[in-house]
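Below is one structure, written out as structure tokens; the observations come after it.
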Number of protein chains: 2
Amino acid sequence: MSKITLKEIGKALNLSVSTVSRALRDSYEIGEKTKERVLEYAKSVHYRPNPIAQSLKVNKSHSICVIIPEIANNFFSEVINGIDYAAYERGYNVFIFQTHESYEREVSSIHLGMDRRVDGFIMSLSGKTDHYDHLDLLKSEEIPIVYFDRVPPANNINKVVVNNFEGAYNGTKQLINKGKKKIAHITTPLILSITKERLEGYKSCLRDHDIEVDEALIKFCSFDPQEAIDIVNKLVYEDQIDALFLGSDRLALNALNAVKKLGASMQNKIEIVGFTNMKYVDLLSPVICAIYQPALEIGHAAANLLIDYIEARRKPEPKQIVLKTFMKTND
Amino acid sequence: MSKITLKEIGKALNLSVSTVSRALRDSYEIGEKTKERVLEYAKSVHYRPNPIAQSLKVNKSHSICVIIPEIANNFFSEVINGIDYAAYERGYNVFIFQTHESYEREVSSIHLGMDRRVDGFIMSLSGKTDHYDHLDLLKSEEIPIVYFDRVPPANNINKVVVNNFEGAYNGTKQLINKGKKKIAHITTPLILSITKERLEGYKSCLRDHDIEVDEALIKFCSFDPQEAIDIVNKLVYEDQIDALFLGSDRLALNALNAVKKLGASMQNKIEIVGFTNMKYVDLLSPVICAIYQPALEIGHAAANLLIDYIEARRKPEPKQIVLKTFMKTND
DNA sequence: ATTATTTACGCAAACGATGCCAAAAACAAA
DNA sequence: TTTGTTTTTGGCATCGTTTGCGTAAATAAT
């Protein structure tokens, strides 16, 4: 059934394999008449080229490899959705590998992708990645790569990011506008690009409003729910904070949960703003003002940027795309 | 660098390609000494077999294809996580295709998978799939396939599902126990297996508690938020319901949103139970009692079942795995 | 009619790995 | 030494494509 090959088409039509191949690829050196014959017959038997054989021959796979920390995360799954959307439009397959925030898995994912001869990579770095030589491998092999969200510290790379500084600045400002003074910041490991940028936005905003930056109120937190609870408790009871600025998606939910546990009366005293990509934030009970990333657009832009780059005859200069975050208030 | 082939190893060691190949696969017909030489050299040059060439030769790809309605959905992304977990353990790659609830994309995804010579499929049917001949293709090609969640109506197939009937029954009972009498059910298209099973659980529970089943209170709803709003409004204001039983993840959030829009006083009158896989349901404001599916386990079980089947010499009888739902109350 | 040019196609060698078959090397038996 | 066995190894075809090169046949130029 699905095992029609060029050879069989050739046999049926009394043509050589190469002629059939060229006819299907619409080569100029094949006569119109035979082209038609081949095309028609191929369609009638539902011929589908074997991408594996093609890959082997041309050392390309018409597929891209996405490496992300975690699929089961609103932000990343939306990004994948965007990537998938663009890839589908342009006829590319998508491989997805998760690092689960592990450097080793990041490295091995890169190798798996290269083994599969993917045409390019889209990646967001793991929370443990603090050196970047494994990426040099890709560079030296001249494999196109687009980073998003958590990007390595270099500027001659393709990347799609959001204005994290501005998003954090505006989020913090929102809290200040509500009269809050002791604003804590719970965030991701400092090695991540997003952490630094958001932290700077937060600090910068405080300074601009004559609030001194208190390093004790800046907490780097893992994705362990209990750790979030401990940190929130300390901030609330010892440091007497009146607002929380949360640095990332999973963190935000953990922290919200921790705040909820403080009880209703405490909850109301603490204003919360945070980066998250949860749908329906307005259904959340400790009210949170969400700073959104346009995840779908990020994925779409990243995939298109990558494929453009893959298909370009002369490789263009690396491009940096910066999209806007947006806030979704709850009141 | 990464382009070491068997041929090059052979040249370096003065051995033929086939000897090298066999040495690496630890064949019994190769002398211990040469085996060691080959192994050592291969490691020293970081030899990695080219999976594409292997695939072409043996017509297998050591990869599985996952076809689901939507990645950006808590339930499915968790399932993928489980699949990925098992596949990684057992050395399989994973292709993911989304149908976006389209029958055509379901068909084309199957073809894409087959083109790539995947060793097997894991799928959950689209919301539009009401005939199943495209699946026969897989069957006739003898490609292993495991269904989960939304499965076709046949019993000689591999599948991993939950006890939807029981979950729905218990959910409905929960509402009855709170004294509710007019319990509406908003759910997915009736062609889906899950819809029917849950609907039966709901009806059965009502009957067992001497509440007559009112077909007007059973609403099949798309994933359009506005439709959910309209339906909820009608149910509340015209039909005067006092409880809602929601049939699926995305639906639940839409309906919750609709209920929220009714205003605080109305909200409190309506008790809500629903299938969902959102983390932190207890943070949701119209309170909802969640019926959870063990998504990670489903994925893990499905992948292991599939890979067991793929690797079995004698193909075993199709297996049906039924896992338990569990409730997470909010009060 | 002869030569030059174009057009339309076939042959064969890759791509990297596997596996059948035969052959060389090693050893045992005569 | 010769023959027979066993152990190790090499040669070659193959998977389904793509592509450079060669060459008939068809057309144009002389």
Side-chain angles (χ1 to χ4, degrees), chain A residues 1-39 41-42 45-63 91 111-112 114-119 141, chain B residues 1-39 41-42 45-63 91 111-112 114-119 141:
Chain A
M1 279 297 279
S2 72
K3 333 220 104 190
I4 303 293
T5 70
L6 291 186
K7 195 194 293 186
E8 301 179 88
I9 296 182
K11 209 180 322 174
L13 264 44
N14 248 306
L15 289 172
S16 78
V17 183
S18 50
T19 303
V20 176
S21 171
R22 273 183 275 241
L24 288 172
R25 333 189 84 243
D26 200 31
S27 162
Y28 68 97
E29 39 180 353
I30 300 296
E32 279 307 321
K33 240 178 46 192
T34 34
K35 253 185 213 174
E36 270 176 39
R37 282 209 306 148
V38 171
L39 245 46
Y41 184 79
V45 294
H46 302 111
Y47 169 74
R48 312 200 95 212
N50 182 332
I52 296 183
Q54 292 183 133
S55 292
L56 180 60
K57 191 83 242 290
V58 302
N59 218 35
K60 295 204 176 325
S61 59
H62 231 69
S63 61
H111 283 122
L112 287 173
M114 291 183 57
D115 287 350
R116 292 275 170 192
R117 300 300 189 269
V118 296
D119 300 342
E141 298 276 348
Chain B
M1 277 302 276
S2 70
K3 334 223 102 188
I4 304 293
T5 70
L6 291 186
K7 195 194 294 186
E8 300 179 271
I9 297 182
K11 208 179 326 171
L13 263 46
N14 248 309
L15 291 170
S16 79
V17 186
S18 49
T19 303
V20 176
S21 171
R22 273 177 292 225
L24 288 172
R25 334 186 86 245
D26 200 31
S27 162
Y28 68 98
E29 41 182 355
I30 299 295
E32 278 309 320
K33 239 178 47 193
T34 35
K35 252 186 212 173
E36 270 177 38
R37 283 210 305 148
V38 171
L39 246 45
Y41 183 78
V45 294
H46 303 108
Y47 168 74
R48 313 200 95 213
N50 182 333
I52 296 184
Q54 292 182 132
S55 293
L56 182 60
K57 189 84 236 302
V58 303
N59 219 34
K60 295 204 174 328
S61 61
H62 231 68
S63 60
H111 283 120
L112 288 173
M114 292 183 58
D115 287 350
R116 293 276 170 190
R117 300 299 188 271
V118 296
D119 300 341
E141 298 274 349

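The chains referred to below are lettered A, B, ... by the order of the sequence lines, with proteins before strands, and numbering in each begins at 1. Predicted, not measured: the structure shown is a model, and the values here were computed from it.
- Using a 4.0 Å heavy-atom distance criterion, A/Asp115 is classed as making no nucleic acid contact.
- Proximity note for B/Leu15 (side chain, C-beta onward) versus C/dA17, D/dG10, D/dG16: the nearest is D/dG10.
- Between the side chain of A/Arg22 and the base of C/dG10, at least one donor-acceptor pair of N or O atoms lies under 3.5 Å.
- A donor-acceptor pair under 3.5 Å is absent between the side-chain atoms of B/Glu36 and the main chain of B/Lys33, judged by distance alone.
- Comparing B/Ala53 and B/Val20 by the nucleotide of DNA chain D whose heavy atom lies nearest to each, the residue mapping closer to the 5' end is B/Val20.
- Among the heavy atoms of the strands lying under 4.0 Å from A/Thr5 are primed sugar atoms or P, OP1, OP2 only; no base atom is included.
- Against DNA chain D, the stretch residues 29-37 of chain B makes heavy-atom approaches under 4.0 Å through B/Glu29, B/Ile30, B/Gly31, B/Thr34.
- Judged by distance alone, the side chain of B/Arg117 and the main-chain N or O of B/Asp115 form a donor-acceptor pair under 3.5 Å.
- In this model, the phosphate group of C/dC9 is not approached by any side-chain N or O of A/Tyr28 to a distance below 4.0 Å at OP1 or OP2.
- Nucleic acid contact for A/Ile52: none, since no nucleic acid atom lies under 4.0 Å from a heavy atom of the residue.
- Of the residues near DNA chain C, A/Asn14 and B/Leu6, the one whose nearest nucleotide (by heavy atom distance) lies more toward the 5' end is A/Asn14.
- Between the side chain of A/Lys57 and the base of C/dA14, a donor-acceptor pair under 3.5 Å is found.
- D/dT30 and D/dA26 have their P atoms separated by 22 Å, given to the nearest Å.
- Residue side chain A/Ser18 reaches the base of C/dC11 through a donor-acceptor N/O pair under 3.5 Å, judged by distance alone.
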